Asker: 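Provided herewith is a single structure, encoded as structure tokens, for subsequent inquiry.
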Amino acid sequence: MWPGRSQQLGAHWDGEGVNFAVFSEHAERVELCLFDPTGRRELQRIPLVERTDDVFHCYLPEARPGLLYGYRMHGPYDPERGLRFNAHKLLLDPYARNIAGTLRWSDALYGYNVGHKRGDLSFDRRDSASAMPKSKVIEPAFTWGNDQPPNIAWHDMVIYELHVRGFTMQHPDVPPALRGTYAGLGTAVVVDYLKRLGVTTVELMPVHSFVDERRLVQEGLRNYWGYNTIGYFAPEARYSASGKVNEFKTMVKTLHSAGLEVILDVVYNHTAEGNEYGPTLCFRGMDNSSYYRLHAHDPRHYIDYTGCGNTLNMQHPRVLQLIMDSLRYWVTEMHVDGFRFDLASALARELHEVDRLGAFFDSLRQDPVLNGVKLIAEPWDLGEGGYQVGNFPPGWAEWNDKYRDTMRAYWRGDGGLIGEFARRLTGSSDLYGRSGRAPHASINFVTAHDGFTLRDLVSYNEKHNEANLEDNRDGTDNNLSWNCGVEGETADPAVLALRARQSRNMLATLLLSQGVPMLTAGDEIARTQHGNNNAYCQDNAISWVDWTIDDARGRLLAFVRRAIELRRAHPAFRRRHFFEGRALHGTPEDKDIAWLKPDGTEMTEQEWNNGYARCLGVYLAGDRLGETDARGRALADDDFIVLFNAHDGPIAFTLPPFDGFGWLVLLDTARDDGLAAEGTYRSENAYHLEPRSLVMLQRVSPS
């Protein structure tokens with residue numbers, strides 16, 4: 001053993017040996033534990049005698065990639081002071097690049113004696129090594145060739161949120177051995193599907209190494225979503241067909257070659273170790289009081305802004321370094337294009353309040369690697385003041401739940417929403433314009449992994465989460481859904497037709513809104529979870545995409561492809577700047593946007609407040625974009641009108657008076673395929689707008 005270096009944390013192979021370095025501010029001694037290739041037998045414990053700036057380190061000149069290892073930390077066990085060292089517990093390396101094996105739940109995994117009464121945190125001497133997965137040294141070399149990030153402009157993005165395992169587990173054309181894996185996601189048939197659909201950016205649900213909670217395992221369930229991270233550098237092994245880190249890299253390289261971006265959903269707000277009664281797997285045993293936020297007057301207990309038992313301590317420079325090092329690793333070594341931060345408000349808390357100029361934001365903004373990647377916030381946590389939609393700094397986009405709720409409620413038929421509907425449709429300038437951000441700061445979505453699928457949104461009034469074994473108490477009750485008259489599955493053709501129309505309404509609205517649309521995988525083919533709106537623990541057919549595409553699903557898929565194609569073809573629906581609504585004289589074409597009543601005239605201020613109004617139209621002037629292309633040339637587009645009718649009756653909508661022009665119908669959700677009938681409509685004629693429908697029209701010269 002040589003002294004090694006302290007500067008680079010983790011285990012790093014340099015071609016001749018491996019350098020090990022691990023941080024602990026309060027540990028007194030550290031042992032590096034080496035295991036046989038099976039991970040079952042501990043071969044050697046090596047004391048790390050070198051300590052530099054609270055980093056224990058050594059260099060093993062004969063160590064090689066594939067070596068399995070862990071740590072044992074010696075120090076005071078005093079939960080009343082926030083110290084929980086217990087050398088009987090084998091610990092994962094916080095910087096492990098690969099984690100081999102699975103966690104096997106046992107009372108030995110806990111630093112205290114689980115058999116004693118709750119609240120008694122007496123020291124436990126059982127050894128946990130046999131129940132623990134092991135950290136693994138990797139060979140980092142990979143041939144990236146000419147791989148380059150696609151660099152899709154924000155306003156051109158269409159995000160597709162998917163689960164690596166669930167997306168291909170039932171795909172008939174993916175080889176069985178590759179289903180549910182990174183390799184499966186990179187197969188030609190899957191990549192071709194994504195390209196033909198028209199999405200630009202794949203957002204992967206958590207792929208950082210995570211563990212299943214003990215309760216779930218005991219009940220025969222699993223943590224399917226993966227928001228239970230234990231390793232911020234290691235790809236989740238259950239998604240790997242080969243067990244090698246390079247499989248993830250190959251997937252990214254394949255998607256990049258097809259022009260698709262890869263964004264990771266990341267969970268840096270909490271870890272899988274839970275509250276003060278949770279297991280000791282990594283961070284708690286490494287240095288509990290450094291890694292976690294503890295109550296100042298009672299450090300035995302954790303501050304929990306996440307609802308998951310603990311909150312990582314962003315106030316500690318080494319914890320901030322861990323997160324920054326992890327983010328840089330996934331960009332530089334794994335070539336991902338950006339991140340969506342789960343419960344991002346928790347990362348911004350300096351003391352108790354969310355600070356938009358906190359250390360985390362400052363670090364990201366000045367980082368030469370990270371300041372150029374896509375950053376998306378889930379802009380809330382569960383603590384006081386945690387709801388921060390619209391308040392993240394420039395450079396960030398945000399999941400816009402106000403958009404989600406408004407669109408759901410509007411198409412459900414709720415009244416008094418047309419003003420709010422108009423704001424969300426046009427990019428939510430009230431939320432993002434005041435900070436100098438653009439429409440792309442709004443990540444628009446109607447559904448996401450958390451909640452109903454689109455098909456369930458139009459099929460269920462109530463959640464049906466019985467399969468989660470929590471007596472249907474989990475999951476939100478505020479779904480803003482409508483079952484179209486029948487709860488759940490039905491063979492009634494009228495109900496099925498209405499549900500299909502409602503699905504087209506919400507998808508078309510999403511794809512014709514300003515901002516960045518996000519689709520949830522499977523919504524385009526009417527995926528159902530049978531009313532489960534919290535399928536976090538359902539690693540089975542409830543959550544997996546069903547690739548059986550009948551006529552109805554095929555029509556919906558074709559409609560979504562067409563709507564994405566129209567969005568991509570027309571910059572009027574993906575503006576880089578907010579509308580000005582210039583109040584010029586004359587008819588609506590004098591403005592870049594105009595809002596229309598069914599009689600074809602413009603909305604007045606008073607009419608925005610009509611609680612009964614559920615129908616309106618919007619005129620978009622294509623020659624008033626006020627934008628240029630990459631070469632500085634002025635952009636122009638056709639003029640469009642989009643009509644929205646959430647009323648349960650038909651409405652004759654008079655088209656505005658543009659002399660000498662007609663209107664070509666491009667989409668009409670009232671049709672079974674959502675596409676348009678042939679022919680054009682002349683100005684000042686009435687278009688028969690069916691109940692609960694959306695129509696998109698393009699201004700054309702008469703033939």
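Note that the structure is predicted; figures quoted are calculated from it, not measured. Numbering of residues begins at 1 and proceeds along the displayed sequence.
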Asker: Is the ring pair Trp225/His449 parallel, tilted or perpendicular, if the boundaries are 30 and 60 degrees?
Answerer: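 It falls in the perpendicular class, over 60°.
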Asker: Taking the six-membered ring where the residue is Trp, are the ring centres of Phe167 and Trp547 under 6.0 Å apart?
Answerer: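 Under 6.0 Å, so yes.
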Asker: Suppose we screen for salt bridge (charged side-chain N to carboxylate O under 4.0 Å, His left out). Which residues come up paired with Asp325, at least two apart in sequence or across chains?
Answerer: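 Asp325 satisfies salt bridge (charged side-chain N to carboxylate O under 4.0 Å, His left out) with Arg328 once adjacent residues are dropped.
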Asker: Before giving the answer on salt bridge (charged side-chain N to carboxylate O under 4.0 Å, His left out), spell out for Glu470 and Arg215 the whole-Å C-alpha distance, their side-chain angles and the decisive distance to 0.1 Å.
Answerer: CA-CA 11 Å; Glu470 298 179 43; Arg215 179 191 69 82; 3.2 Å; yes
Asker: If the threshold is 4.0 Å, N to carboxylate O, is there a salt bridge linking Arg238 and Glu236?
Answerer: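 The answer is yes: the pair qualifies as a salt bridge.
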Asker: Is the ring centre of Phe85 less than 6.0 Å from the ring centre of Phe123?
Answerer: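 No; Phe123 has its ring centre 6.0 Å or more from that of Phe85.
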Asker: Got more than 12 heavy atoms from elsewhere within 6.0 Å of CD, Gln218?
Answerer: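 Yes, enclosed.
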Asker: Indicate, with yes or no, if the rings of Tyr69 and Phe20 have centres closer together than 6.0 Å.
Answerer: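 Between Tyr69 and Phe20, the centre distance is under 6.0 Å.
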Asker: Can you confirm whether Asp53 is buried at CG, in the sense that more than 12 heavy atoms of other residues, nucleotides or ligands lie under 6.0 Å from that atom?
Answerer: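 For Asp53, atom CG is not crowded (no more than 12 foreign heavy atoms under 6.0 Å).
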Asker: Indicate the ring-plane relationship of Tyr112 and Tyr277, choosing parallel, tilted or perpendicular according to the 30° and 60° boundaries.
Answerer: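 Perpendicular: the ring planes of Tyr112 and Tyr277 meet at over 60°.
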Asker: With the threshold set at 4.0 Å, does a side-chain nitrogen-carboxylate oxygen contact exist between Arg165 and Asp539?
Answerer: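 Salt bridge: yes.
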Asker: May I ask you to decide if the ring planes of Tyr182 and Phe248 are parallel, tilted or perpendicular, using 30° and 60° as cut-offs?
Answerer: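 If you compare the ring of Tyr182 with that of Phe248, the planes turn out perpendicular.
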Asker: Salt bridge (charged side-chain N to carboxylate O under 4.0 Å, His left out) with Asp298: which residues, sequence neighbours excluded?
Answerer: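 Once residues adjacent in sequence are excluded, Asp298 has no partner under the salt bridge (charged side-chain N to carboxylate O under 4.0 Å, His left out) criterion.
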Asker: If you draw a 6.0 Å radius around CZ in Arg40, do more than 12 non-hydrogen atoms from other residues or ligands fall strictly inside?
Answerer: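 Counting neighbours around CZ of Arg40, 12 or fewer heavy atoms of other residues, nucleotides or ligands fall under 6.0 Å, so no.
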Asker: Between Asp212 and Arg222 (salt bridge meaning N to carboxylate O under 4.0 Å), is one present in this structure?
Answerer: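 Answer for the salt bridge query: yes.
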Asker: Check each of Met334, His208, Arg97, Glu333 against Phe233 using the side-chain contact (heavy atoms from CB on, under 4.5 Å) test, and report the only one that passes.
Answerer: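 Among the candidates, only Arg97 passes.
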Asker: Would you say the rings of Tyr239 and His163 are close, in the sense that their centroids are separated by under 6.0 Å?
Answerer: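 Between Tyr239 and His163, which both carry aromatic rings, the centre distance is below 6.0 Å.
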Asker: Between Lys374 and Asp337, is a salt bridge (charged side-chain N to carboxylate O under 4.0 Å, His left out) present by the stated rule, with each step listed?
Answerer: CA-CA 6 Å; Lys374 306 282 175 61; Asp337 303 288; over 6 Å; no
Asker: Write down the atom of Glu273, the atom of Cys282, and the distance for their closest heavy-atom approach.
Answerer: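 Residues Glu273 and Cys282, closest heavy atoms: OE2-N, 2.8 Å.
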Asker: Using the side chain to side chain donor-acceptor pair (under 3.5 Å) criterion, which residues pair with Asp127? Sequence neighbours excluded.
Answerer: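 With neighbours one apart ignored, the set is Arg72.
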Asker: Any salt bridge between Arg473 and Glu466, counting N to O under 4.0 Å?
Answerer: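 No.
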Asker: Looking at Tyr302, Tyr291, Tyr110, which one forms a side chain to side chain donor-acceptor pair (under 3.5 Å) with Arg284?
Answerer: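 Only one option passes, and that is Tyr302.
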Asker: List the atom pairs, with distances to 0.1 Å, where a side-chain N or O of residues 168-178 and a protein N or O form a donor-acceptor pair under 3.5 Å, not counting sequence neighbours.
Answerer:
| unit_1 | atom_1 | unit_2 | atom_2 | d |
| --- | --- | --- | --- | --- |
| Thr168 | OG1 | Gly180 | N | 2.7 |
| Gln170 | NE2 | Val545 | O | 3.2 |
| His171 | ND1 | Asp173 | N | 3.1 |

Asker: Does the pair Asp107 and Leu109 meet the rule for a side chain to side chain contact (heavy atoms under 4.5 Å, CB included), with working shown?
Answerer: CA-CA 5 Å; Asp107 287 352; Leu109 292 169; over 6 Å; no
Asker: Is Lys253 salt-bridged to Asp147, going by a charged N under 4.0 Å from an acidic O?
Answerer: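 So Lys253 does not pair with Asp147 through a salt bridge.
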Asker: Identify, with sequence neighbours excluded, every residue that meets salt bridge (charged side-chain N to carboxylate O under 4.0 Å, His left out) alongside Glu25.
Answerer: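 Counting only residues at least two positions away or on another chain, Glu25 forms no salt bridge (charged side-chain N to carboxylate O under 4.0 Å, His left out).
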Asker: List the steps, then state whether salt bridge (charged side-chain N to carboxylate O under 4.0 Å, His left out) holds for Asp474 with Lys463.
Answerer: CA-CA 9 Å; Asp474 62 302; Lys463 66 186 181 186; 5.8 Å; no
Asker: Is Arg349 salt-bridged to Asp381, going by a charged N under 4.0 Å from an acidic O?
Answerer: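 Judged by the 4.0 Å cut-off on N to carboxylate O distance, Arg349 and Asp381 do form a salt bridge.
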Asker: Please collect all ring-ring contact (aromatic ring centres under 6.0 Å, His included) contacts where either partner lies in residues 21-50, sequence neighbours excluded, each pair once.
Answerer: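 Pairs touching residues 21-50 that pass the test: Phe23-His316.
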Asker: Within this structure, what is the CG-CZ distance for the pair Leu370 and Phe339, rounded to the nearest 0.5 Å?
Answerer: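 Separation between the atoms: 6.5 Å.
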Asker: So, is the end of the Arg340 side chain (NZ or CZ) under 6.0 Å from the ring centre of Trp399 and within 45° of the ring's axis?
Answerer: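 Here Arg340 passes the 6.0 Å and 45° test against Trp399.
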